[in-house]
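These numbers come from a predicted model, not from an experiment. Sequence lines set the chain letters: A, B, ... in the order given, protein chains first and strands last, and positions in each chain run from 1.
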Amino acid sequence: MPVFSYLAHPKPGQGRPLADRLREVPGCEVVPSEGYELIVLVTETEDDSEEKLLHDRLNSLDDLESLAMVYGHDGRELPEDQL
Amino acid sequence: MTTYTRREFIKRAALQSAVVAAGVSFPGIVFPAQQSANISGVEWKKAPCRFCGVGCGLLVGLSGGRAVAVKGDPASPVNRGLACVKGYHVVQALYGRDRLTQALVRKNGKLVPVPIGEALELVAAKMKETIAKNGKDAVAIYGSGQWTIPDGYVALKLFKGAIGTNNVEANARLCMASAVTGFISGFGLDEPMGCYEDIDHANTFVLWGNNMAEMHPVLFSRILARRRDDPNVKIIDLATRTTRTSRMADHSILFAPQTDLAIANGVANLLIRGGKLDRDFIAKHCSFKQGKFDIGYGLEERFKFKEKVTDSSFAAYKALVAEYSPASVARLSGVSPQDLSYLASLYGDPNRKVMSLWCMGANQHTRGTWINNLIYNLHLLTGKISSPGNSPFSLTGQPSACGTVREVGTLTHKLPKGVVTNKAHRELAAKIWNVPVERIPAKPTHHTVDMFRALDRGDIRFVWIQVTNPMVTMPKLNRYRAGAKKDGRFVVVSEIYPTPTTDVADVVLPSAMWIEREGMFGNSERRTQHWEKMVEPPGEAMSDTWQLIEVARRLGYEKLFPWPRETHIRDIWNEYTRFHDNPKHRMAPYELLRERPGVRWPFVNGKETRWRYNAKYDPAAKGTSFDFYGKPDGRAWIWLRRYEPPPEMPDGEYPYWLNTGRVIEHWHTGSMTRRIPILHRAVPAAYVEINAEDARKLAIVNGENVRLVSRRGKIELPVAIDQRGSPPPGQVFVPFFDEAKLINELTLDAYCPISKQPDYKKCAVRVEKISRA
């Protein structure tokens, strides 16, 4: 159950289109700033494979300049011997 | 009351963290949907971060009786709303699956749960029995720079004031003791003369052996922001290996281990030769002193050292540092004459305000007191001290090594005010504690390494360990672990999670952690920060303060520990601050600490003292300029110290230096951070950094397992080549957070004879190739 949050930087002037594209990606909650200079993105997937698909999708977005991770919870239970 | 599923509150935490990070990093950018004061159902309360000595102010989000979110406190002048990766995830450390919730007692070799009352009775009974059979000095307490101030104060009062033994030590002996002796020998009083505001004024930052980007990341962010705003700002990284700090500095200078002593004297020599001294400042405000040379390393079982101070002169000092010519410093340290001249030009430039910053590289050093003195010397020679931006700043590692260990005095020789050897200081303690002055012993007993040697020998038979993990952190670990497990020893451990130290315990007491109890910490810049109890501790977990009070009462000392539970933290603070009731150290009142994001001491006439010893800013300073009132002559002492090698250096059989330290993701021995999934996955296990050329010669590739061997132990680790850190040829580096890879089985228990602080940065190992990972 990975949950991550990011600051998504759009390419110059591409804030609104980027927000629209991100809303189309399953597992994304999109919170743009007032002027669409920056977008807070919260992602939620079921497992690692779904997480990888999500990242492939994000990497394909032409309007996205960069993605900076702020918070992460990968949802894995730690094995007993790693506690 | 709103309730959330676990998934919902994680998503809420993720969202809020990102909004806050955006708000701090990009001022002016607004997220309208998040601008309401609180997310519905989440209440925010302030607390200092649980982790490092920066002392970032946090706001903890609470909902449904749990801590669900964290953000940096924009009201905190320390971090101004920012936090680091550990701080943003700190609340997760409360909720590890194997959190200790019950007391445990070892029966037939196994730890079994018992009611906590029964465990506390056993602890008190064992203390009584040990004292009756072996004397007061057979019991000891070993605490921590992560003790809250009330924790440390109650421990000190119980052992020194009630029982009457000086067997009180704390793990800050292993991290800050050399900083303390540096301050006391130079200025007569502990803790920095400057404050974090120096960052806003300085234009030159010289980092002496401190990977600040990973160890004090939020403060380093402030330095980087300063440079972004002023292109004249320079950051110089002096280090024994290339780190993330080096890569962000304007200039990185690598030096051979221990030769920082020579470098500092070499800079002083150039300042004198170049006529860059502030002669007026030196004449009016400094004295020259010399101590002993060839002072040993503490390796002998009952090693003793007593300093002898003699008056010296500028002429003698000039003659000593003249031996450290650029050429001789280069031969010893590997630092080029050009780099040495560059350093001297920065310190000597009247247009530059210089902040020197250091931490473990200087303190965990067999001449740690000396290197602290030598860095101060550079600031005293140039008059660059105790004024905005001109600041030799000793950074602290732990969140309350200052507030608890140093200010409360939880070390064998200390009292809250002064030292046990001083009759007036003992009389003050006796008066405040309401005990006969004869009960407080006048002679220190054991510093930390000596305490664990005494436990091994059997001179100490009972030890209570709180908030620290010595069975991971003691140097030359094999000896001290074996000593703790010997027959006739009784070990009590107060902890929040199982650790290698609870593995050797006879009694384990479950402790309340951080916001599960009220408390105060004191950070690197003399800022005391308070937090209230925000959530209930799990099971029978109890604060370390209250555990101590419960045992004290069972020992018959109810009258010395009378405080009701509801008000005991306030009551303890009010009693403790009586020790510091003077303009040189006055502390803020309890009510003010509750309101503000911390208050710096001295707190005089309603104001914090930001720069000490400068009459313009410090009401305790007499006259119109500087008054180093900690010393009887009112002057700061410039010390004649020299380079002396460490006790163990690489040789034919063990040809590599071993250096140990931390990574940003993990706090100390990892007992908290390794239970935060994202931090654990970021750096799941220890490794050994090795130079790329050394690896090539050994035919080792990245990730391959090797064996490190020292005269004391061996360990297998995967290799990291040019990852986050790169040692130069002939050195390796291992982080110590991994309890499955106890690197301290290899380290040496040599220490600075003045501070008694061990050197974790220098011993000799060899690297053996094993097999591919």
Side-chain angles (χ1 to χ4, degrees), chain A residues 1-16 18-19 22-23 25-48 50-52 54-55 58 64-83, chain B residues 5-35 68-72 82-85 87-89 91-92 95-99 497-499 665 670-671 674-682 684-685 738-740:
Chain A
M1 195 191 73
V3 173
F4 293 89
S5 65
Y6 302 87
L7 298 182
H9 296 255
K11 288 197 173 144
Q14 300 303 308
R16 282 182 196 275
L18 176 62
L22 287 169
R23 287 187 187 105
V25 178
C28 286
E29 182 181 350
V30 179
V31 182
S33 63
E34 195 171 61
Y36 284 82
E37 309 95 333
L38 192 60
I39 296 168
V40 163
L41 177 67
V42 180
T43 66
E44 178 190 9
T45 54
E46 289 300 322
D47 53 39
D48 282 358
E50 207 175 304
E51 186 69 22
K52 187 177 180 321
L54 170 68
H55 271 273
L58 292 175
L64 180 63
E65 178 76 46
S66 68
L67 208 56
M69 188 175 90
V70 176
Y71 179 107
H73 175 86
D74 70 1
R76 266 174 242 223
E77 296 290 318
L78 289 173
E80 289 284 348
D81 64 355
Q82 286 186 32
L83 287 174
Chain B
T5 64
R6 184 166 180 265
R7 196 161 190 162
E8 282 166 347
F9 91 68
I10 289 171
K11 286 179 69 179
R12 286 285 182 190
L15 172 63
Q16 276 299 96
S17 298
V19 168
V20 170
V24 168
S25 304
F26 304 98
I29 287 183
V30 171
F31 291 83
Q34 307 304 322
Q35 289 304 300
V68 299
V70 169
K71 53 188 178 184
L82 195 64
C84 79
V85 69
Y88 277 127
H89 293 88
V91 297
Q92 293 183 38
Y95 301 117
R97 229 171 15 173
D98 59 338
R99 181 73 195 269
Y497 287 109
T499 63
E665 291 86 351
S671 57
R674 296 185 81 213
R675 288 169 168 88
I676 297 173
I678 199 72
L679 297 179
H680 176 67
R681 288 189 63 77
D738 186 350
E739 67 180 43

Residues at least two apart in sequence or cross-chain that pass salt bridge (charged side-chain N to carboxylate O under 4.0 Å, His left out) with A/Asp48, listed by chain then number, are A/Arg76

Applying salt bridge (charged side-chain N to carboxylate O under 4.0 Å, His left out) to A/Glu46 and not counting sequence neighbours gives B/Arg7

Are any of the side-chain heavy atoms of B/Val70 and A/Tyr71 separated by less than 4.5 Å?
-> no

Residue selection (most heavy-atom pairs with chain A, distance under 4.5 Å) from B/Ala13, B/Ala21, B/Ala18 | B/Ala18

Given a strict heavy-atom distance threshold of 4.5 Å, which part of A/Leu7 is in contact with chain B: side chain, backbone, both, or neither?
-> side chain

Between A/Val40 and chain B, which part of the residue has a heavy atom less than 4.5 Å away: side chain, backbone, both or neither?
-> both

Considering all heavy atoms, the nearest A/Val42-B/Ala14 contact | CG1-CB, 4.3 Å

For residues B/Ala22 and A/Leu38, report the shortest heavy-atom separation together with the two atoms involved.
-> CB-CD2, 3.6 Å

More than 12 heavy atoms of other groups within 6.0 Å of A/Lys11 NZ = yes

Output for pair (A/Glu29 CD, B/Lys11 NZ), nearest 0.5 Å, gives 5.5 Å

Turns out that what part of B/Tyr497 lies under 4.5 Å from chain A's heavy atoms comes down to neither

